[in-house]
Amino acid sequence: MTASVSDTVSTSQGELEKLVSDLRGLLSSKDLDTIPEIKLLRQRIDDGMSNVRDSAVRAAQEAARQAKDAALAADRYAHDEPWRVAGAALAVGALVGFLLARR
């Protein structure tokens with residue numbers, strides 16, 4: 001689960017960085033160097049990319065932490081209530097077996 005979130009974040013981040021790179025390429029024209037607003041715009045783009053990177057890293061870390069917490073809670077429940085877990089697994093297995101037998 002964590003790998004897919006991380007892959008999605010990496011893909012989105014890569015696409016955003018390519019878009020920003022393309023935009024910076026457009027803004028780096030020598031003809032635009034005389035316009036002070038272009039320098040300010042370049043700085044804002046760089047700052048925005050930095051913020052996006054930081055947010056993506058924090059989101060991936062939070063998703064990984066939540067997945068780990070959920071796995072620990074499931075493990076704790078399985079150890080605290082082993083018969084309930086075994087009963088639920090038996091019920092699911094019986095249901096799947098019944099459905100497959102009807103085919």
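Everything quoted here is computed from the prediction, not taken from an experiment.
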Which Ile, Leu, Val, Met, Phe, Trp or Tyr residues join L40 in one cluster when any pair of side-chain heavy atoms under 4.5 Å counts as a link?
none
Which residues satisfy the side chain to side chain donor-acceptor pair (under 3.5 Å) test with D75, sequence neighbours excluded?
H79
Note: R65-E62 ion pair, threshold 4.0 Å (strictly below)
yes
Can you confirm whether more than 12 heavy atoms, excluding those of R53, are under 6.0 Å from its CZ atom?
yes
In Å and rounded to the nearest 0.5 Å, what is the CG to CG distance from L95 to L99?
4.5 Å
In the single-linkage hydrophobic clustering (I, L, V, M, F, W, Y; side-chain heavy atoms under 4.5 Å), do L90 and F98 co-cluster?
no
